[in-house]
Amino acid sequence: MARAGVGYVPQVDDVFAPLTVRENLEMGGYLLASRQVSGRIEHVLTVFPRLGTMINRAAGKLSGGERKMLAMGRVLMLEPSVFLLDEPTANLAPAIAGALLDEHVRLLAERGAAVLIVEQRAKAVLAISDHTYVLGGGELRMAGTPAELSASPEFVDSFLGGRGRAVPSGDS
């Protein structure tokens with residue numbers, strides 16, 4: 001997957017806990033020539049400057065949000081054209097989850113990569129998405145812009161927990 005330009009950040013076990021932040025980033029550059037690794041680490045630290053303040057800290061000592069940032073940074077080492085983020089906000093406090101989506105995921109997209117997010121927090125992801133696909137049972141169920149889907153009663157009822165527009169009586 002990595003050679004094909006796909007970067008994957010799993011929901012769990014997303015960092016090597018005994019390794020430092022630097023060592024995790026080095027692991028992310030495993031396909032690079034050794035002379036390229038330090039330059040790529042510097043690049044990742046410009047994208048995620050907070051990682052620079054913890055460069056020698058063991059990844060297992062990081063908070064949940066810091067671990068996700070490191071996991072994304074490790075994947076960024078290879079400059080993938082597509083990021084797959086599996087439940088990036090799982091087990092994060094709401095404020096940290098919002099910041100992760102708003103700041104860090106948006107940064108990845110602004111750098112030119114496509115970002116595919118599998119996420120339970122539908123409202124939060126809609127706020128940062130350009131296009132949304134809803135899968136169910138392995139099949140595409142709905143697709144559209146966040147505005148289009150938010151206007152769909154079926155989508156609102158099924159995925160946002162709200163009440164869609166009522167169908168007038170007599171219509172079936």
Side-chain angles (χ1 to χ4, degrees), residues 1-122 124-135 138-140 143 145-146:
M1 280 188 358
R3 281 186 175 84
V6 176
Y8 173 62
V9 178
Q11 178 179 350
V12 295
D13 298 328
D14 53 356
V15 296
F16 300 102
L19 302 181
T20 66
V21 168
R22 176 179 299 285
E23 291 166 335
N24 267 272
L25 294 175
E26 289 169 348
M27 292 294 291
Y30 69 99
L31 291 177
L32 300 173
S34 59
R35 68 182 181 284
Q36 295 176 295
V37 173
S38 63
R40 292 299 307 148
I41 289 173
E42 291 305 315
H43 171 72
V44 168
L45 297 180
T46 64
V47 176
F48 300 116
R50 192 158 160 212
L51 290 176
T53 66
M54 344 177 206
I55 198 77
N56 295 314
R57 189 179 307 166
K61 302 289 184 188
L62 303 178
S63 71
E66 292 165 345
R67 289 170 68 107
K68 285 296 177 188
M69 187 186 335
L70 175 56
M72 287 188 278
R74 191 182 66 238
V75 169
L76 186 59
M77 288 289 293
L78 296 178
E79 294 186 286
S81 53
V82 177
F83 278 87
L84 300 177
L85 305 177
D86 184 6
E87 298 281 350
T89 68
N91 302 317
L92 297 179
I96 294 169
L100 178 99
L101 292 173
D102 259 356
E103 298 167 24
H104 305 303
V105 172
R106 192 180 303 264
L107 265 174
L108 298 176
E110 287 173 358
R111 294 198 163 304
V115 181
L116 176 65
I117 302 174
V118 176
E119 180 61 60
Q120 295 293 320
R121 297 175 196 227
V125 172
L126 281 174
I128 65 164
S129 297
D130 294 324
H131 203 82
T132 304
Y133 298 91
V134 178
L135 304 175
E139 296 180 8
L140 180 64
T145 66

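Values below: every heavy atom of this structure, side chains too, minus hydrogens, waters and symmetry copies. Numbering starts at 1 and runs along the sequence shown.
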What is the distance from atom [atom1] of [X] to atom [atom2] of [Y], rounded to the nearest 0.5 Å?
| X | Y | atom1 | atom2 | value |
| --- | --- | --- | --- | --- |
| L78 | M1 | CG | CE | 11.5 Å |
| L25 | I55 | CG | CD1 | 5.5 Å |
| R74 | Y30 | CZ | OH | 9.5 Å |
| T145 | D130 | OG1 | CG | 9.5 Å |

Identify the heavy atoms of [X] and [Y] that sit nearest to each other, and give their distance.
| X | Y | value |
| --- | --- | --- |
| L101 | P88 | CD2-CG, 4.3 Å |
| T132 | S129 | OG1-CB, 3.9 Å |
| L100 | G65 | CD1-O, 4.4 Å |
| A97 | R121 | CB-NH1, 3.3 Å |
| G52 | L45 | N-CD2, 3.5 Å |
| N24 | F16 | OD1-N, 2.8 Å |

Within the side chain of [X], is there an N or O that forms a donor-acceptor pair under 3.5 Å with the backbone of [Y]?
| X | Y | value |
| --- | --- | --- |
| R57 | L51 | no |
| D14 | V9 | no |
| E26 | V37 | no |
| R111 | L107 | no |
| R40 | M77 | yes |
| T20 | E23 | yes |
| K68 | Q11 | yes |

| said: If the test is side chain to side chain contact (heavy atoms under 4.5 Å, CB included), which one of V125, V105, D86 qualifies with E119? | reply: V125
| field | Residue from R50, M69, M54 passing side chain to side chain contact (heavy atoms under 4.5 Å, CB included) with V21 | value | M54
| Would you find more than 12 non-hydrogen atoms of other residues, nucleotides or ligands less than 6.0 Å from Q120 atom CD? | no
| request: Count the heavy atoms belonging to other residues, nucleotides or ligands that lie under 6.0 Å from CG of N91, then report whether that count exceeds 12. | output: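 It does not: N91 CG has 12 such atoms or fewer within range.
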| request: Taking the side chain as every heavy atom from C-beta outward, state whether L70 and L62 have any pair of such atoms under 4.5 Å apart. | output: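 Yes, at least one pair of side-chain atoms sits under 4.5 Å.
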| request: Could you tell me whether the side chain of I117 reaches within less than 4.5 Å of the side chain of I128, counting heavy atoms only? | output: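 When only atoms from C-beta onward are counted, I117 and I128 do touch, with a gap below 4.5 Å.
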| request: Mind running side-chain contact (heavy atoms from CB on, under 4.5 Å) on L135 and L140 for me, showing each step along the way? | output: CA-CA 5 Å; L135 304 175; L140 180 64; 4.0 Å; yes
